[in-house]
Each structure stands twice: as structure tokens, then as C-alpha cells.
Number of protein chains: 2
Amino acid sequence: MARTGRPREFDRDKALDAALTLFWTQGYEPTSLNQLKACMGNISPASFYAAFGSKEALFREVVQRYLETYGQVITPLWDETLAPRNAIEQTLRRSARMQTTRSHPTGCLIVLGASNCSPENQSVQTLLAAERARTRKGIKACVDRSVANGELSPSPATQTLPTLFTTFLHGMACEARDGDRARKLDAAITTLMQIWDSLALRPKSVSSRQ
Amino acid sequence: MARTGRPREFDRDKALDAALTLFWTQGYEPTSLNQLKACMGNISPASFYAAFGSKEALFREVVQRYLETYGQVITPLWDETLAPRNAIEQTLRRSARMQTTRSHPTGCLIVLGASNCSPENQSVQTLLAAERARTRKGIKACVDRSVANGELSPSPATQTLPTLFTTFLHGMACEARDGDRARKLDAAITTLMQIWDSLALRPKSVSSRQ
DNA sequence: GTTGTTCTATACTAATTGATACGGAAATGG
DNA sequence: CCATTTCCGTATCAATTAGTATAGAACAAC
């Protein structure tokens, strides 16, 4: 459907990607509209608000794009064709690699994107907290699935696994931001996964290094 | 030594504590001078700058105070009278409890205090990164010490332990901020420490729950 | 009580924040 | 060509940012 009127002069998609990079680097609040407009191709305030509505609306769109691209590293959590152990291991390894890759900002936008917020931006903080809760739930579902299929016993130790893996996953955001490389985190993941094996009644899946 | 002149009307120490709480909750950048002055007892701008110099100088003082109080939970790392395994376990358990205690903000100021920063405040970010590096070094020293005394073998798996524990430690800041309670993290720590035991050649220290 | 010192209150600075108003430019559809 | 639609550039908004200037108030020492 052809739209009438003067066409937009900048590439909305590229502008969104540029905003994603800036928000990922600095976080929500410290990123000013001036910086955003500059990195989006020196667009005017009018163009900005016409195309994206507001700073918060842009951020929400940025988070959405992040989840659809970089954030895909954690989708194994919801892939029931994968053995639960493998799903978690893949999630950790792919996150480690993604968060340490230098062709884009390091760390995780969902963990670090709005970690410093004044009260008036609590909605933004809540947005990311909800995503983290979703991840937590995905990890727990994998462990539950493994208990259900008899690989893991429903022991107290098993019940600590979701927190253990989630805490490590979120901690990688800090380590990646501080300069840790993929290889280092990946090696730690290998050691971490041994906990699973030590709790397994009967091994159902083998370790895979993608 | 008695100082001449009009004495200060507010309690500098209490004001510093109030600033600590505010910075801990919101982080460095989103915390405005107006908020600070308000929570410090509605002190005037003149009083603020006379007593603390600048926002950044206040933050540095706040970090110092944090390290001298709440941050003391990680001092076992440098206590060579403790068995290395015990030092790390104590550090994790005490951090978990401290970060989840509700009589003050949750999470860790060193991890979360300046995670969102614009370029002009990079010095603040660097300040906290240096502290995290110090922690990382302390954890590694414990593992090295354990290898040196023959408890752990210098295997590849052993060499991943510092990253493993550090990542988990820093990850707790996120989990605590998201509402996890001490008991939950503490249980995960119990499971995490089993990795150490599985790598130990000969157990030299027993698990302690403070 | 006077002097000297250090505090506080008020007003203010220049710069920046996120967001708008408005007029003109540039395209489409007829 | 014209009419309509949409976008862009500029100027601007009120509010807030970190930080100061100035004048006077409140204490100590003498």
C-alpha cells in the first residue's frame, strides 16, 4: 500500500539499530535525546518524535529488536526437542559468546540496560525485570522437565539448580562488561555443568560445545 | 582540636549514610543533587558543596564507606588463616545474606552503582570496576593458595574456578535486586561449592554455614 | 563585646533535559 | 497543474541539571 506524502529521509531500521547500540552501551537514562538523534543520522527532533513517539517508546522497540536478534541466544530454553541439560548448556555457551563479542557492546542489555533508574523511569526497569523473570522461568522449566523425565531426582540440591544457573547467566553480563573473553567464560561453563552430571540419576544427554 | 567558627548544623556522618542509601538504590547518574540534599536533611547547596566538594567526591566517599561496612562481607578472601575453600564459601554466603537484607537496598553497590553511565562519568565507572577487579583477584588468590597447598590440582577445571565463583558472586547482585531471598541463594551456594569438593585431591576444610 | 571564622539561606548561573510549535520542503494522487 | 499528505529544520518550551555568589547568621577565641 503506497503511502502518500513526503517519504522519510533516514532509514528507520538503521536508526533503530544505532539506538540499540547506544542504549546497550550506556543504559537507558544516561542516553540523551541529543546523543540518540546524532547517532541515528543527525535526525531532527520532529523526525525523531514522528518516527518513534518518545524516548521510552524507542527503548521498548529497541528491547524488542534485541530480543529478536542477540537475545535469541537463550531460545534453547524453550526448545523441547532439546534435552534439558543441553538446552541450558547451549543457552549459557551462546550467551557467553554473544556477550563477549566485540562487534557490538559487551554484556547483556536485559541485565544492564536500566540497572540505574530514577523513580520516574521505573516502568523501564520493570520491562527488563519481566524479561529476566521469563528467563528464570525458562531455566526452571528445563530443570523441572529433567526431573519429570527421570534424569534428575527431585532432591533439594536439584531444586537449587535454577537459581544457580540463572545467577551465573546474569553474572556473565558483569564479567563480559569487565572484559572477560568468551573462552574464559566457556571454560567456566564446562565446570559448572558438571554439577548437573553429578546430580543426574542417569545421563540422558551429552555435553555439546555447539 | 577545637574548630573556630559556626558549627555545622547537620550530622555529616548521617548525611553520608543517607547518600549511601540513595546511591545504592538508584545508582550514580540518576541520583540528582536535589534528591541528595533532600535525603541528607534538606541541606542547602552551599552546605553540600562545603562539606563534600562535588557529587563525584561524595560518591567516592560513599563507596569508601560501603567498602568499610557492607563490603566487609568479602574480607574472608584475604584472611589467610582461613582455608581457601572456606574463605570463598564464607564470602559467597555473607554476600548473599547482605545483598538480600531488606533493612537497606538490595544488591551490590560495587556491581550496580554505576552500571549505566554516560561518557563524562567514566571515572566513576572505572572506580567500581577496579573494586570488582580486586575481588576477582582475591578469589583467584584463594584458588591459587589451595593449589599451592595441595588441596586442588592445577588442572584445567581448577583454573576455571575463579571465573566461576566471581561470575556467580556478581550475578547475585542481579538476583537480589530482582527479589531473590538469602535462603534461596544460600542453597545454590551449597550446590556450587560441591564443584570445589569434586575437584579436591584431599579435603582440607569442611563446609561451614557461618 | 569585639573580632574572626565558618556555617546557612536565598538567589542565581549556564547548560542540558525530554518534548513541541510552526512554517516550509518534498513527495504522491489526481 | 493542483491538492493533500507527510516529513524536516529551526526555534522554542518549561523543567531540571550540577554548581556559585553573596549576604548574613551563629558560633569560638580573646
Side-chain angles (χ1 to χ4, degrees), chain A residues 1-16 18-19 22-23 26-62 113-114 116-125 127, chain B residues 1-16 18-19 22-23 26-62 113-114 116-125 127:
Chain A
M1 153 139 116
R3 280 209 314 171
T4 146
R6 175 177 175 178
R8 174 179 294 129
E9 280 179 13
F10 64 94
D11 186 331
R12 194 181 188 281
D13 242 46
K14 281 185 184 160
L16 193 59
L22 194 55
F23 275 132
Q26 301 189 352
Y28 179 72
E29 272 204 20
T31 301
S32 72
L33 280 188
N34 273 340
Q35 286 181 302
L36 284 168
K37 289 179 317 191
C39 86
M40 291 162 107
N42 283 309
I43 65 176
S44 72
S47 303
F48 177 89
Y49 284 97
F52 299 104
S54 72
K55 183 185 173 183
E56 179 171 341
L58 171 64
F59 186 74
R60 288 177 181 273
E61 224 175 304
V62 157
N116 292 166
C117 261
S118 36
E120 68 255 32
N121 288 315
Q122 218 208 325
S123 58
V124 173
Q125 226 163 1
L127 170 73
Chain B
M1 152 139 117
R3 280 211 312 171
T4 143
R6 177 176 173 179
R8 175 179 293 128
E9 281 179 13
F10 65 95
D11 185 330
R12 194 183 188 282
D13 243 45
K14 280 185 183 160
L16 193 59
L22 193 55
F23 276 132
Q26 300 189 353
Y28 179 72
E29 273 204 20
T31 301
S32 72
L33 281 187
N34 272 341
Q35 285 182 302
L36 284 168
K37 290 179 317 193
C39 86
M40 291 162 106
N42 283 312
I43 65 176
S44 71
S47 303
F48 177 89
Y49 284 97
F52 299 103
S54 71
K55 183 183 172 183
E56 178 171 340
L58 170 64
F59 185 73
R60 289 176 181 273
E61 223 175 306
V62 157
N116 292 166
C117 262
S118 36
E120 67 255 32
N121 289 314
Q122 218 208 324
S123 59
V124 173
Q125 225 164 0
L127 170 75

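A note on names: the letters A, B, ... follow the listed sequences, proteins ahead of strands, and every chain is numbered from 1. On a predicted model such as this, the values are computed, not experimentally measured, just so you know.
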Look at the side chain of B/R6 against the base of C/dC7 and say whether a donor-acceptor pair falls under 3.5 Å; ignore hydrogens and angles.
-> yes
Sugar-phosphate, base or nothing in reach of A/S44, heavy atoms under 4.0 Å = base
Please work out if A/T31 contacts a base, only the sugar-phosphate, or nothing of the nucleic acid, heavy-atom cut-off 4.0 Å.
-> sugar-phosphate
Quick check: does any side chain N or O of A/N116 sit under 3.5 Å from a backbone N or O of B/P30, one acting as donor and the other as acceptor?
-> no
Give the rounded distance in Å between these two atoms: CG of A/N121 and P of D/dT16.
-> 14 Å
Return the 5'-most residue of the pair A/E9, A/K37 with respect to DNA chain C, ranking by each residue's nearest nucleotide.
-> A/K37
May I have the distance from B/L36 (atom CG) to D/dT16 (atom P), rounded to whole angstrom?
-> 16 Å
Nearest-Å distance, CZ (B/F10) to P (C/dC7)?
-> 9 Å
Atom-pair distance (CG on A/D11; P on D/dC7), nearest Å = 14 Å
Here the residues of residues 47-56 of chain B within 4.0 Å heavy-atom distance, strictly under, of DNA chain C are B/S47
Measure from the side-chain heavy atoms of B/P45 and tell me the nearest of C/dG24, D/dT20, C/dA21.
-> D/dT20
Does B/K14 use its side chain to pair, donor to acceptor, with the backbone of B/G41 at less than 3.5 Å?
-> no
Could you give the CD1-to-P distance, from B/I43 to D/dA18, as a whole number of Å?
-> 13 Å
Listed partners of A/E56 passing side-chain hydrogen bond (donor to acceptor under 3.5 Å, both in side chains), at least two apart | A/R60, A/S123
Starting from P on D/dC8, measure out to CZ on A/R12 and report it in whole angstrom.
-> 12 Å
To the nearest Å, how far apart are B/Q35 CD and D/dT17 P?
-> 7 Å
Determine the interplanar angle of the A/F59 and A/F23 rings, folded into 0 to 90°, and report it as parallel if under 30°, tilted if 30 to 60°, perpendicular if over 60°.
-> perpendicular
Base, sugar-phosphate, or nothing: which does A/P7 touch, judged by heavy atoms less than 4.0 Å apart?
-> sugar-phosphate
Say whether, by atom type as modelled, one donor and one acceptor occur between the side chain of B/T31 and the main chain of B/G27 under 3.5 angstrom.
-> yes
Write down the distance between CD (A/E120) and C1' (C/dT17), rounded to a whole number of angstrom.
-> 11 Å
Does B/N34 make a side-chain N or O approach to OP1 or OP2 of D/dT17 shorter than 4.0 Å?
-> yes
Do the side chain of B/E29 and the main chain of B/S118 share a donor and acceptor less than 3.5 angstrom apart?
-> yes
N/O donor-acceptor pair under 3.5 Å between B/Q122 side chain and B/P119 backbone | no
